[in-house]
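Notes follow once the structure below has been shown.
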Amino acid sequence: MPSIPKGTRDFQPAEMSGRNYIFDTVKRIFKNFGFLPIETPSMENIETLTGKYGDEGDKLIFRILNSGDFVESGKLKNISGEEFNSKKLSSLISEKALRYDLTVPFARYVVMHRNDIVFPFKRYQIQPVWRADRPQKGRFREFYQCDIDVIGSDSLLNEIELLQVIEKVFSSLNLKVTIKLNNRKILFGLAEAIGASEHFTQITMALDKLEKVGEKAVIEELGQRGIKPDAVEKMAAFLRFISNEKISSDLGILSSDNHSKSRLEYLTNIFNSPSIGVKGLEEMNFLIKHIKSFKFDFAEIEFDPTLARGLDYYTGSIFEVIAKDAEMGSLCGGGRYDNLTGVFGLPGISGVGISFGADRIYEVLKTLNLIPENTDRCVSAMLVNFGEAELEFALSLLAQLREAGIGAELYPDNAKLKKQFAYADAGKIPFVLMAGRDEILEKKVSVKNMQNGEQVTITEDEVSEYIINASHQF
RNA sequence: GUGGCUGUAGUUCAGUUGGUUAGAACAUCAGAUUGUGGUUCUGAGGGUCGUGGGUUCGAGCCCCAUCAGCCACCCCA
């Protein structure tokens, strides 16, 4: 038996139907919000990708081997002792890599096409990305991202737009989700407020694990990472506040709305003004104030000051969306990046974007039975093949049906009727048409309704109309 | 990169303290009416028990190694 690489998948017709349902839904909504499509190549130059995703991210980039025989060509011989390290070697044998996400290639695209773009630029992009991760539940080495970004605008209204897109997408898919909202500036303010801003990264990474490992483990980790005891104690007080709040919320005393408010109040009290942290709180207040103008029925929005997100380039708002009724990682994530185009030579352009993980959304919809059936199959009639003598009549009937806009096919072999009917049945084709010797003599066709088993014999001219009318009854 | 679990037919799984020729269900194909599917009945094909080694008179079962898959950590969609 052949096989396919770890973490990749084949998609069968039934799965494609469900996947297209997701792609069609997000695409429809993206367009409705004014986003324009672009595509970029599957592979990028390695320098474009490296250094954007953090150390861990860099390791997960799939590299493409250069063509040619490196030993034969003698290229490797020019590297002497000291220089012979894996970094040097890999730059010699590989200069391209598969894209890791759609945001970094987009930033590269914006810089390259800056003169053709009218800012602010709203783009959507639906393409696969690759990560050399170890596969597990909801995690693949090849998967599709559905990205939208607004670049060239500082306005927080863009964040609000993105939140509405999230609500629209998940309400269209009938899926209840929680949108977690935070701001990198608040995280920085928090690090500053406890007097450990030099440990910003370590603090956010530890904080991010709160829900998974609990209060104690986070405090332990902070200590292990070399953060001073008095700073750890201040953080512990904050964590206690969060935990107490969780308990009240479980008891139904705090709604997620009040939740967000009380967290903002707490942080306002411990932050010095003016500071980056306070700026973050102002931004968060703005979002919370203005999202009230919109209905959020399927997405519950919550300010979660422990949300970190690892991608290095985020500088402001960050988002993460998780399903309420299923265990799965994040279904959607994103944030604001103030200087991603700067690394490609075009500074001062801020962008904000999110990415929907189509594969994870598919898995969740599948487990919750929310994928509509048979959205792709559109053949409504199959003609039975009776053999050479009846072929002329069958082919002209086939053409006539298709001309009338009816999806139709002729069974290709003169097989037993049982087999031909079983094929139609398996393919959920609603009508089977028979024109054998007797029917042809009278220019008639027998039409069998496969759902109720009824069969009528009508003239050739009536067939299209009959099928169209009968189809409307279902 | 680290750890855990599982590998028997296309799929889901049985398989006794190690004992003759490894089973079932579903799926597939064929037949039960030479012009009628879904239900029923009959039959057939399909396995080097992941792979390699070891223990034993004898291994699907025990031991070692290896590979693959799944799950968790890390990180993320």
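So that the names make sense, note that chain A is the first sequence line, chain B the second, and so on, each numbered from 1. These numbers come from a predicted model, not from an experiment.
Classification of the Phe431(A)-Tyr466(A) ring pair by plane angle, with boundaries at 30° and 60°, yields perpendicular.
Nearest to the side chain of Lys418(A), among rC76(B), rG38(B), rA72(B), sits rG38(B).
Ring to ring, Phe386(A) and Tyr411(A) are not that close: their centroids are 6.0 angstrom or more apart.
For rC73(B), the paired nucleotide is rG1(B), the pair qualifying as Watson-Crick or G-U wobble because both relevant distances are below 3.5 Å. Of all nucleotides present, only rU40(B) satisfies the Watson-Crick or G-U wobble test against rA32(B), with each distance under 3.5 Å.
No hydrogens or angles were tested; on distance alone, nothing pairs the side chain of Glu56(A) with the base of rG1(B) as donor and acceptor under 3.5 Å. Between the side chain of Arg131(A) and the base of rA77(B), a donor-acceptor pair under 3.5 Å is found.
Residue contacts shown for Gly436(A) include a base, since a base heavy atom lies under 4.0 Å away. If you check every strand for non-hydrogen atoms under 4.0 Å, Glu439(A) touches a base. Counting any heavy atom pair closer than 4.0 Å across all strands shown, Lys448(A) reaches a base atom.
Rounded to an integer number of Å, the gap from Leu383(A) CG to rG35(B) P is 17 Å.
Across the P atoms, rU36(B) and rA22(B) are found 41 Å apart, a figure rounded to whole Å. On the C1' atoms, rG58(B) is 28 Å away from rG46(B), given to the nearest whole Å. Taking the P atoms as reference points, rA30(B) lies 46 Å from rC5(B), given to the whole Å. Nucleotides rG54(B) and rA14(B) place their P atoms 30 Å apart, quoted to the nearest Å.
When each of Thr457(A), Leu397(A), Thr459(A) is checked for a side chain to side chain contact (heavy atoms under 4.5 Å, CB included) with Val445(A), only Leu397(A) meets the rule. Residue Tyr124(A) is tested with Phe106(A), Phe356(A), Phe30(A) for a ring-ring contact (aromatic ring centres under 6.0 Å, His included); the sole match is Phe30(A).
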